[in-house]
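Side-chain atoms are counted along with the backbone in the values below, which use heavy atoms only and exclude waters and symmetry mates. Bear in mind that the values here come from a model prediction, so they are computed numbers and not experimental data.
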Amino acid sequence: MSGDAGIVIVGAGQGGFQLAASLREMGFAGPVTLVGDEPGLPYQRPPLSKAYLKGEAGIEQLELRPAAFYADHAITRVEARAVGIDRQARRLLLEGGASLPYAHLVLATGARNRPLPVPGHEMGGVFYLRTRAEADALKAGLAGARHVVVVGAGFIGLEFAAVARALGHEVTVLEAAARPLARAVSPQMSAFFAEAHEAMGTKLRLGAGVVGLGGEGGRVTHVEATDGQAHPADLVLVGIGVTPNVELAAEAGLEVANGIVVDEELSTADPDISALGDAVAYPSVHAGAMARLESVQNAVDQARCIAARLTGKAAHYCAVPWFWSDQADLKLQIVGLSGPTDTAVLRGDPASRRFSVFRFHERRLTAIESVNRAADHMLGRRLLAGRPSLTPEEAADESFELKSLLAR
């Protein structure tokens with residue numbers, strides 16, 4: 001792996017950056033090339049919907065490392081869009097006709113926003129939020145907006161809603177499902193966040209999908225919902241999920257099924273190509289099935305796993321998944337993977353705004369959802385990394401010392 005071709009990484013997000021950095025940390029001495037299609041240095045995405053949007057952090061605070069880091073660690077950055085893979089010649093094809101040779105190729109292609117499939121979605125005043133450029137455009141759009149409509153009550157939608165309310169905008173959130181964060185958390189946690197956002201002054205409309213956007217002069221003025229109402233809107237933020245960027249892999253003949261399919265070591269069927277992050281479907285020991293996770297933790301830990309394999313320390317990927325979301329003064333942290341039929345056990349009082357929901361499947365702990373209760377979350381990471389012996393009764397009993405489980 002130390003020949004001239006070296007390791008080429010497609011995608012300069014958190015996972016792609018981490019792989020390049022980890023390769024150097026683990027002693028890889030060959031060429032490392034990081035290919036990204038966004039201008040500028042690799043940066044963190046999570047703050048875009050919070051601190052960056054509020055003006056509390058600039059791009060320098062978002063950058064994963066300064067420019068000198070890449071020079072000091074001999075990581076070559078290429079700003080270009082990858083358009084193809086010649087597997088036989090082992091070359092990555094770039095837009096404009098250039099190409100890069102590789103000894104090993106890693107696809108960290110991430111995901112893109114899912115567009116709103118209704119009439120009027122192309123009008124001015126309709127925004128998405130995943131990249132720095134989108135955040136900059138959204139920030140500028142907020143300056144002249146009074147009525148803000150958010151389509152989708154997932155993490156991005158609710159994080160943005162909290163920021164928009166704090167900035168003084170009138171906010172309506174439209175969610176087609178019966179509860180917010182329905183795919184991510186328990187009904188109890190959904191109910192808490194619904195009440196919290198309504199207490200902030202946000203109008204939360206559940207069971208209300210979008211049938212169209214209306215406007216004047218090419219700019220949006222209202223959102224037409226399935227509840228029959230036309231909600232005034234000077235600005236619309238669409239947050240209805242993402243689509244994994246699998247086209248590069250699919251066109252190269254690699255298997256794709258809700259993501260680029262990889263094995264336990266994150267390798268594709270081509271031994272010279274690995275993949276990681278939001279675009280990858282991998283066999284999860286925690287889900288007991290193939291899974292595709294959209295999280296910083298997953299991308300970073302998968303990057304470290306691949307770096308270890310490429311430097312002679314191969315291992316199966318089995319990191320415990322965890323997630324977080326900051327909404328106003330509420331920090332939601334989730335560890336583990338729960339299913340829709342898992343039972344929920346409350347620990348603490350939601351009225352205190354510091355509590356957890358422990359999820360169980362047939363009395364086996366599967367996940368912990370915590371609000372402003374970091375100790376439960378950190379303990380959960382340690383428990384779920386092994387064989388947790390916590391019972392539902394112990395989880396519900398506030399007098400039971402959770403730390404005692406670590407000695408079992």
Side-chain angles (χ1 to χ4, degrees), residues 14-15 46 154-155 158 179-193 258-259 264 266 276-278 280-302 304-305 315-327 330-348 350 354-398 400-408:
Q14 189 100 40
F155 289 131
L158 293 185
R179 57 186 179 93
L181 302 172
R183 293 191 305 135
V185 301
S186 62
Q188 292 88 335
M189 192 61 75
S190 287
F192 171 80
F193 274 93
N258 184 35
E264 294 88 348
L266 307 175
L276 64 87
D278 293 6
V280 165
Y282 72 98
S284 167
V285 296
H286 300 281
M290 295 295 287
R292 187 179 65 80
L293 302 183
E294 300 159 12
S295 76
V296 169
Q297 168 274 321
N298 185 61
V300 167
D301 283 341
Q302 287 187 340
R304 290 173 174 148
C305 181
H316 287 189
Y317 178 69
C318 58
V320 177
W322 52 269
F323 316 81
W324 82 92
S325 175
D326 293 318
Q327 301 173 35
L330 302 172
K331 176 175 280 294
L332 170 63
Q333 294 172 289
I334 304 169
V335 58
L337 296 174
S338 60
T341 61
D342 288 4
T343 58
V345 175
L346 186 66
R347 186 178 179 90
R354 291 186 66 255
F355 70 100
S356 294
V357 175
F358 286 67
R359 307 295 301 277
F360 291 87
H361 177 70
E362 297 178 352
R363 299 184 61 82
R364 177 180 61 84
L365 181 67
T366 56
I368 302 173
E369 307 160 3
S370 302
V371 172
N372 296 341
R373 196 148 161 159
D376 287 358
H377 175 76
M378 296 307 295
L379 181 76
R381 288 200 212 175
R382 296 178 66 183
L383 288 178
L384 289 167
R387 294 182 177 273
S389 58
L390 180 70
T391 68
E393 292 77 18
E394 290 169 338
D397 181 2
E398 282 267 58
F400 177 76
E401 182 56 62
L402 294 175
K403 289 183 179 178
S404 67
L405 296 168
L406 300 177
R408 289 183 180 177

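Inter-residue side-chain proximity for L346 and F358 is flagged as unmet; no heavy-atom pair is nearer than 4.5 Å. Two residues are said to be in side-chain contact when any heavy atoms from C-beta on lie closer than 4.5 Å; D326 and L332 fail this criterion. Side-chain atoms of L390 and F400, non-hydrogen and from C-beta on, do get closer than 4.5 Å to each other. In this structure, Q333 and W322 have side chains that are not in contact, with every pair of non-hydrogen atoms separated by 4.5 Å or more. For the pair P180 and L158, the minimum side-chain heavy-atom distance is below 4.5 Å.
Put simply, CG on D301 and SG on C318 are 9.5 Å apart, with the number rounded to the nearest 0.5 Å. Between the CG atom in L293 and the NE2 atom in H286 there is a gap of 9.5 Å [rounded to 0.5 Å]. For the atom pair CH2 (W324) and CD (Q297), the distance works out to 9.5 Å, reported to the nearest 0.5 Å. Here K403 contributes atom NZ and M378 contributes atom CE; the two are 11.5 Å apart, rounded to the nearest 0.5 Å. For the atom pair L181 CG and S325 OG, the distance stands at 7.0 Å (nearest 0.5 Å). A distance of 9.5 Å separates CG in L266 from CD in E264, rounded to the nearest 0.5 Å.
Between V345 and P392 the shortest heavy-atom distance is CG1-O, 3.6 Å. Considering every non-hydrogen atom in both F155 and A184, the closest pair reads CZ-CB, 3.7 Å. Between Q302 and G277 the shortest heavy-atom distance is OE1-N, 2.7 Å. Listed here is the closest heavy atom pair of A287 and S284: N-OG, 2.9 Å. When all heavy atoms of A299 and L276 are compared, the closest pair comes out as O-CD1, 4.0 Å.
Between the side chains of N258 and R292, at least one donor-acceptor pair of N or O atoms lies under 3.5 Å. Counted by atom type alone, S370 and D376 present zero donor-acceptor pairs between their side chains at under 3.5 Å. S190 and Q188 form no side-chain donor-acceptor contact under 3.5 Å, judged by distance and modelled atom types alone. Using a 3.5 Å distance cut-off with no hydrogens or angles, the side chains of E369 and S186 do pair a donor with an acceptor.
No donor-acceptor distance shorter than 3.5 angstrom exists from the side chain of E294 to the backbone of D278, with no hydrogens or angles considered. Judged purely by atom type and a 3.5 angstrom limit, T343 uses its side chain to pair as donor or acceptor with the backbone of F360. With R354 contributing its side chain and N372 its backbone, the two residues share a donor-acceptor pair below 3.5 Å. With hydrogens and angles ignored, the 3.5 Å screen pairs no side-chain donor or acceptor of N298 with any backbone N or O of S295. One N or O on the side chain of R359 and one on the backbone of D342 form a donor-acceptor pair closer than 3.5 Å. Using modelled atom types, one side-chain atom of R347 and one backbone atom of E394 make a donor-acceptor pair closer than 3.5 Å.
Applying the ring-ring contact (aromatic ring centres under 6.0 Å, His included) test to F323 and every residue at least two apart in sequence or in another chain returns nothing. Under the side-chain hydrogen bond (donor to acceptor under 3.5 Å, both in side chains) criterion, R363 pairs with E393, not counting sequence neighbours. A search for ring-ring contact (aromatic ring centres under 6.0 Å, His included) contacts involving Y317 returns Y282, not counting sequence neighbours.
Partner S338 forms a side-chain contact (heavy atoms from CB on, under 4.5 Å) with one of I368, T366, L365 and no other, that one being T366. With V371 as reference, M189 is the one residue of M189, K331, H377 to meet the side-chain contact (heavy atoms from CB on, under 4.5 Å) rule.
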Next on the checklist: Apply side-chain contact (heavy atoms from CB on, under 4.5 Å) to residues L379 and V335 and explain how you reach the verdict.
Outcome noted: CA-CA 10 Å; L379 181 76; V335 58; over 6 Å; no
Next on the checklist: Quick one, L402 with L383, criterion side-chain contact (heavy atoms from CB on, under 4.5 Å). Give me CA distance, side-chain angles, the key distance, then yes/no.
Outcome noted: CA-CA 10 Å; L402 294 175; L383 288 178; 5.9 Å; no
